[in-house]
K.L.:
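First, the structure itself, so that you have it in front of you.
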Amino acid sequence: MTSPFPARGLRRCAFVLSLLAAQFLSAPLASAQPSGGPYGPIPQRYALPKAAHVYIVAPDGKADAAGSLAEPTSLESAIARVVTNDAIVMRGGTYRTGGLQLNQGITIQPYLDETPVLKGTRVATDWEPLPNNVWRTKWSTLFPAAPLGWWRAEREGMLTPLHRFNNDRVFVDGEPLHSAGWPGEVGSKGFFVDYAKGYVYIGVNPAGRTVEITAHDVALHRPSRAVNGRPSDRKGFTLRGVTLTQYAYRAIDIEGKKPAVPVSEEPTDDPVGPSPEADHGKEVVGTTLENVTITYCSRVAGYFRGDKLVIRNSLISDTSTEGIYVIGSSDVLLERNIIRRNNVEKLTGYYPSAVKIFNQSYRVTVRDNLIVEQPNSNGVWYDVGNVDGVFVNNYVEGAMAGLFFEISKGITVAGNVFVNNQQGIRILNSSGAKVLHNTFVDSQVLIDRNERSAQGDHFGWHPQTGPDVNDRVGHVFEGNLLVAGAGLKGPLLRFEQSPVTCGKVTQAMTNRVDGNVYIRAGSGQPLISWAPVPGANCLATFASLDAFRQTVPGVEATGRSLPGYDGAVFSSPELRRFELARVPEGVQPLPVAPELRKLLGWDATHLPGALPAAR
């Protein structure tokens, strides 16, 4: 996928996108959710920090210089010198560097309003012309890779060519090229790597162009062990106002107990097996990213391990398997970020998600983010043993599943707007999800369970970290607004389970389903599917709320359905304004639980959906 903005313009682009988001998503009432921004990096003028020692660095800084404004040092030298509570202040410009190892709780930020950019590429200048409009260059820093062992070649090998798993990237004038299988198919938008002989091939004339090829597979690596002659202080660094781009594999890697592994090994097994909260996430505590841009990394923007992580007002864009990857960490906050265009290589069988919250993370809050342009990726995925998540006030558009909650226990999902997602929310093999006062526009909701257990599972111990087969219950679905045009097929709300569980798993998945409003254009489509019910497949579909109430006692006592509705529903969907144009007849404000009022700052009552009616 090609970005409409060159890499050198990403910071300006993020600012422009923040302004557009504020224009399109803002609502006239203070209680509206999402907030309307600003999202993504906000231009700042950074004063020199109050730190024990401040090192000034510059792209042309000298390694043996003192690190003052008059005599800046190199970034590599400063990283090797800093200790806890020091700061590195970066002059503007491009730093082509990587593999920087840091294990101290320091601050890294720009000088005033200058723009420092860390790049994982070098410029390729020595090109050999070949027949048929192909050029090649010898290249020494190559990053061959293969899919991890759990990737199912028998199922996905016909869909994803293996060369897409290599981590090399090539950029022409800031535009990324895409990998090809042999030199004859590079064309004007592709590249091919001959790993045996060490050549990179492109199909665009490099004369007068800037061609960059990856030279580093990570920018900042935060080990939990001793580096630069110092033991880890167990404190996270603070990174502000810096751009990291064009790295093979990832830009940031923060270790837990397990050292970072090469791309050929599973990076997320930390911990391995069920683990008490007190036993993980404590190696590095308090990492903070603010106004940071991370783009064009071959796999992920970063692996983030450690409690009390904060990522705020940052731009994460153009990654392949994940953008932000949180692993085994608690009390995390992701807030007012722009997260867009994950899985740009269209990998299949790799479970992509723009944000992955993984492996027994507790109390991870994803609040008021803008998650867009994800046609080949999920939006935010809480996966494997997570507990008490919070997903509120986000705007999610154009994803596979906007929010995916799997093999986990407890999440509050409230005040979000989901637009044009294959599924707005999917909750799978989990318990205790409270889905309250969200707006779904052409985005189905799927809450389901299957027979998957810890015995014989493809991923081994993963199911042990979540509720067992008979405990995938306790969900609440109340006060939501579900709106669909005539083009959306199938039920708006789906509660389903696999046929093999029929007669074995009989408890309803939900405690309460009530107060929801269903509006859809056209006719002939079911409204709700429900399991379990008596019958061969345990599943029934309902075209009306009355039919649903007759079969399933106690549901939707105050719910409303408006089938075949052809009036205006929202204030201005063209400008992404999803306040109700008017309150549909018979729809009343609903009581808001005290804990939700505290979480969202709402009044005692609120209309169904995330947003109020326009005035």
K.L.:
Scan T319, T243, T245 and name whichever one has a side chain to side chain donor-acceptor pair (under 3.5 Å) with T295.
P.N.:
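Between T295 and the candidates, side chain to side chain donor-acceptor pair (under 3.5 Å) is satisfied uniquely by T245.
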
K.L.:
Who are the salt bridge (charged side-chain N to carboxylate O under 4.0 Å, His left out) partners of D217, not counting sequence neighbours?
P.N.:
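For D217, the residues satisfying salt bridge (charged side-chain N to carboxylate O under 4.0 Å, His left out) (neighbours in sequence not counted) are R250.
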
K.L.:
Indicate yes or no: does D173 engage R209 in a salt bridge with an N to O separation below 4.0 Å.
P.N.:
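Here D173 pairs with R209 in a salt bridge, since their nearest N and O are under 4.0 Å apart.
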
K.L.:
Out of F391, Y325, F404, F358, which residue meets the ring pair (Phe, Tyr, Trp, His ring centres under 6.0 Å) rule with W381?
P.N.:
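Only one option passes, and that is F404.
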
K.L.:
Looking at R222 and D233, does any basic side-chain N land under 4.0 Å from a carboxylate oxygen?
P.N.:
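Between D233 and R222 there is a salt bridge, with a charged N closer than 4.0 Å to a carboxylate O.
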
K.L.:
What are the two closest heavy atoms between A215 and T141, and how far apart are they?
P.N.:
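Between these two residues, the closest heavy atoms are CA-OG1, 3.3 Å.
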
K.L.:
May I ask you to check whether E397 and Y395 show a side-chain donor-acceptor distance below 3.5 Å?
P.N.:
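Looking only at side-chain atoms, Y395 and E397 do form a donor-acceptor pair, the distance falling under 3.5 Å.
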
K.L.:
May I ask you to decide whether E212 forms a salt bridge with K119, counting only side-chain N to carboxylate O separations under 4.0 Å?
P.N.:
yes

K.L.:
Determine whether the side chains of T73 and E71 contain a donor N or O and an acceptor N or O closer than 3.5 Å.
P.N.:
no

K.L.:
Are D253 and R305 within salt-bridge range, i.e. N to O under 4.0 Å?
P.N.:
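Judged by the 4.0 Å cut-off on N to carboxylate O distance, D253 and R305 do form a salt bridge.
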
K.L.:
Minimum heavy-atom separation for P144 to D168, with atom names?
P.N.:
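Here P144 and D168 meet closest at N-OD2, 4.0 Å.
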
K.L.:
State plainly whether the residues R341 and E373 are in salt-bridge range, i.e. N to O under 4.0 Å.
P.N.:
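Yes, charged N to carboxylate O under 4.0 Å.
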
K.L.:
So that I can tick it off, tell me whether K258 and E283 are bridged by a salt bridge, with the cut-off set at under 4.0 angstrom between side-chain N and carboxylate O.
P.N.:
no

K.L.:
Between K138 and D126, does at least one N-O distance fall below 4.0 Å, as a salt bridge requires?
P.N.:
no

